[in-house]
Peer 1: 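Here you go, one structure.
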2 protein chains.
Amino acid sequence: MTETATTGRALPHPEREQIRLESVLHALSDPMRLQIVRELAAKEAELSCSQFELPVTKSTTTHHFRVLRESGVIRQVYRGTAKMNGLRRDDLEGLFPGLLDSLLAAADRQAGRLGDEG
Amino acid sequence: MTETATTGRALPHPEREQIRLESVLHALSDPMRLQIVRELAAKEAELSCSQFELPVTKSTTTHHFRVLRESGVIRQVYRGTAKMNGLRRDDLEGLFPGLLDSLLAAADRQAGRLGDEG
DNA sequence: ATCGTAGTTTGACATCTCTCGTAGTACGAG
DNA sequence: CTCGTACTACGAGAGATGTCAAACTACGAT
């Protein structure tokens, strides 16, 4: 098989109803994680962990992706040796309509504001 | 004078431009502080610290209000012996349009969701 | 079977966070 | 000046967090 099929190893995700606003906010309150989510939203696609160029080691990266998954912000799935990450847009929209977009817009604004004069 | 005028003791607040999204999210990711902000938004008025009935001691309350102030979420002013707290709606709206309302709506939704079946 | 790539696990460490209790300060009222 | 109320400061403790390095596992390719 040369196909990259979803492999074994299941990962624990909270159900939609179990997602807590506080946990989502906490997950997004870290610059590294906010950056991850921004890229994920911009690309509108599933990305593997290694496609993010973060200024931290691999183990720290693993840690941040886990926080995002356990808070319900992203969904992770193994495909071959890669671990694909996708935003849980539908679940978040269902729970907190408009919130994700507001947050992403706020992050964009801030990035523009801080980036323009740097 | 029996008037309750704003008194000396100045409190350090971040300027509007200094407010960081990450800090705001971090401030709101604590249940106690999210509760405070919800009440503040509901009452649409300045409230003194002592009007909040929080299940923690006074010193912990002081701590939470300070986190909210230093992150730019609330503005605090002394009036006599009381310390009045107000949401920085204009500043937040100017920086991150729609964000505060989305957050408050999300918090309301979650409170309704969790409260209905408790 | 071997190798390389992708990601995990473990343990460590410094820092931060939430909490408390006790003692202290600022102010208004009398 | 003294008292009560409102809030602060300090010190402490339990636990969470972000980070790293080193050793490990899972998978695809050869």
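Since we're looking at a predicted model, the values are computed, not measured. Throughout, a chain's letter reflects where its sequence line sits, starting with A, and its residues are numbered from 1.
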Peer 1: Rounded to whole Å, please give me the gap between OH in Tyr78(A) and P in dC27(D).
Peer 2: 9 Å
Peer 1: Mind calculating the distance between CZ (Phe65(A)) and C1' (dT17(D)) to the nearest angstrom?
Peer 2: 18 Å
Peer 1: Give the nucleotide from the list dT19(C), dC10(D), dA22(D) with an atom nearest to the side chain of His63(B).
Peer 2: dT19(C)
Peer 1: Atom CD of Gln76(A) and atom P of dA6(C): how far apart are they, to the nearest Å?
Peer 2: 16 Å
Peer 1: To the nearest angstrom, how far is Glu22(A) atom CD from dA16(D) atom P?
Peer 2: 17 Å
Peer 1: Looking at the side chain of Ala82(B), which of dA6(D), dT19(C), dT22(C) is the nearest nucleotide?
Peer 2: dA6(D)
Peer 1: Just verifying a value: how many Å separate Asn85(A) CG and Leu68(A) CG, rounded to the nearest 0.5 Å?
Peer 2: 8.5 Å
Peer 1: With a 4.5 Å heavy-atom cut-off, do Leu103(A) and Leu99(B) have their side chains touching?
Peer 2: yes
Peer 1: Using a cut-off of less than 4.0 Å, is there contact between a side-chain N or O of His26(A) and OP1 or OP2 of dT17(D)?
Peer 2: yes
Peer 1: Assess the residue pair Cys49(B) and Thr62(B) against the criterion (side-chain contact (heavy atoms from CB on, under 4.5 Å)); give the C-alpha distance rounded to whole Å, side-chain angles, the decisive distance to 0.1 Å, and a yes or no.
Peer 2: CA-CA 8 Å; Cys49(B) 295; Thr62(B) 296; over 6 Å; no
Peer 1: Contacts to DNA chain D from residues 35-58 of chain A, heavy-atom cutoff under 4.0 Å, which residues?
Peer 2: Val56(A), Thr57(A)
Peer 1: Using side-chain hydrogen bond (donor to acceptor under 3.5 Å, both in side chains), reason through Glu39(A) and Gln51(A) one step at a time and then give a plain yes or no.
Peer 2: CA-CA 10 Å; Glu39(A) 290 191 29; Gln51(A) 295 180 58; over 6 Å; no
Peer 1: Using the side-chain contact (heavy atoms from CB on, under 4.5 Å) rule, take Arg33(A) and His63(A) through it: C-alpha gap first, then chi angles, then the decisive distance, then the call.
Peer 2: CA-CA 10 Å; Arg33(A) 292 192 293 259; His63(A) 162 69; 4.2 Å; yes
Peer 1: Closest approach to the side chain of Thr81(B), judged atom by atom: which nucleotide of dT22(C), dC27(C), dT19(D) is it?
Peer 2: dC27(C)
Peer 1: Whether Arg33(A) contacts dG18(D) is assessed here as follows: a side-chain N or O lying under 4.0 Å from the phosphate OP1 or OP2. Is that the case?
Peer 2: yes
Peer 1: Does His64(A) make a side-chain N or O approach to OP1 or OP2 of dT19(D) shorter than 4.0 Å?
Peer 2: yes
Peer 1: Is Arg20(B) close to Pro14(B) at the side-chain level, that is, under 4.5 Å between some pair of heavy atoms?
Peer 2: no
Peer 1: Check the pair Arg88(A) / Leu100(A) against side-chain contact (heavy atoms from CB on, under 4.5 Å), numbers first and verdict last.
Peer 2: CA-CA 10 Å; Arg88(A) 292 182 66 173; Leu100(A) 183 58; over 6 Å; no
Peer 1: I need the CG-P distance between Asp30(A) and dA16(D), as an integer number of Å.
Peer 2: 18 Å
Peer 1: Is a donor-acceptor pair below 3.5 Å formed from side chain Thr62(B) to base dA9(D), judging by atom type as modelled?
Peer 2: no
Peer 1: Nearest whole Å is fine: how far is dT17(C) C1' from Leu25(B) CG?
Peer 2: 17 Å
Peer 1: Which whole-number value in Å describes the distance from Arg79(B) CZ to dC27(C) C1'?
Peer 2: 14 Å
